[in-house]
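To start, the structure under review is shown below, and the notes come after it.
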Amino acid sequence: VRQRAIAEMFKDVERRWGNLDRLLRPDLRVERSAALSTQSLRRLFALETLALVIPNFVQRPEPLADAIQQAGETARNWSVTSARGMESSDVK
C-alpha cells in the first residue's frame, strides 16, 4: 500500500509540475561550501545541484528549532490563485 501511494504521489507531482527526470539525474551532486553564496543558490534553484551543505550555517540550532515549532503551532492554510479561482493551499 505504501509503495503504491508513493508511486501515485510522484505521478501527481509529474502531472502538476513535470520534468521529474531532471531531479533524478545522476550528474547532480551535493555542493559543499564554507559559506552561502548567490551562485550556490542559483545552482540549487535551477536544479543544477542536489543540495547545499554549509557546515555551522546555524551556530546554535535551538532558537531556530523553537521558532519553527512556534510557527507550526500558529500556521494555517492560505489561499492561492489557480485556473479555478482562489483555492485553499495544502501548505501550512
Side-chain angles (χ1 to χ4, degrees):
V1 174
R2 182 175 182 218
Q3 190 174 16
R4 186 173 40 233
I6 290 171
E8 287 301 316
M9 183 221 27
F10 279 110
K11 286 179 188 176
D12 186 48
V13 169
E14 180 71 33
R15 260 193 313 277
R16 290 179 185 210
W17 297 286
N19 205 12
L20 280 183
D21 290 337
R22 188 165 184 190
L23 292 174
L24 303 174
R25 292 185 349 218
D27 61 320
L28 288 179
R29 61 184 180 82
V30 173
E31 186 173 322
R32 299 177 195 285
S33 178
L36 185 61
S37 70
T38 302
Q39 293 81 10
S40 293
L41 287 173
R42 284 186 180 141
R43 284 190 294 276
L44 180 66
F45 292 124
L47 303 178
E48 295 169 0
T49 188
L50 186 60
L52 298 176
V53 175
I54 303 167
N56 301 315
F57 183 72
V58 177
Q59 293 293 326
R60 291 184 45 237
E62 295 84 8
L64 179 60
D66 292 344
I68 291 169
Q69 181 178 0
Q70 185 177 6
E73 292 169 357
T74 60
R76 57 184 169 270
N77 284 357
W78 40 277
S79 296
V80 294
T81 303
S82 75
R84 297 180 295 251
M86 294 298 284
E87 295 185 45
S88 177
S89 74
D90 293 332
V91 178
K92 283 192 174 188

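Everything numeric in this text was worked out from a predicted model, so none of it was measured.
Separation of atoms CG (Leu50) and CD (Glu31) is listed at 11.0 Å; rounding is to 0.5 Å.
Residues Ser33 and Pro55 come closest through the heavy atom pair O-CD, 3.3 Å. Val30 and Val53 get closest at one heavy-atom pair: CG1-CG2, 3.4 Å.
Applying the side-chain contact (heavy atoms from CB on, under 4.5 Å) test between Ile6 and each of Arg4, Gln3, Glu8, Arg2 identifies Arg2 as the sole match.
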Problem - Stepwise side chain to side chain contact (heavy atoms under 4.5 Å, CB included) check, Asp66 with Gln70 - result: CA-CA 6 Å; Asp66 292 344; Gln70 185 177 6; over 6 Å; no
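Remark: side-chain polar atoms of Thr49 are paired, donor with acceptor, to backbone N or O of Arg29 under 3.5 angstrom.
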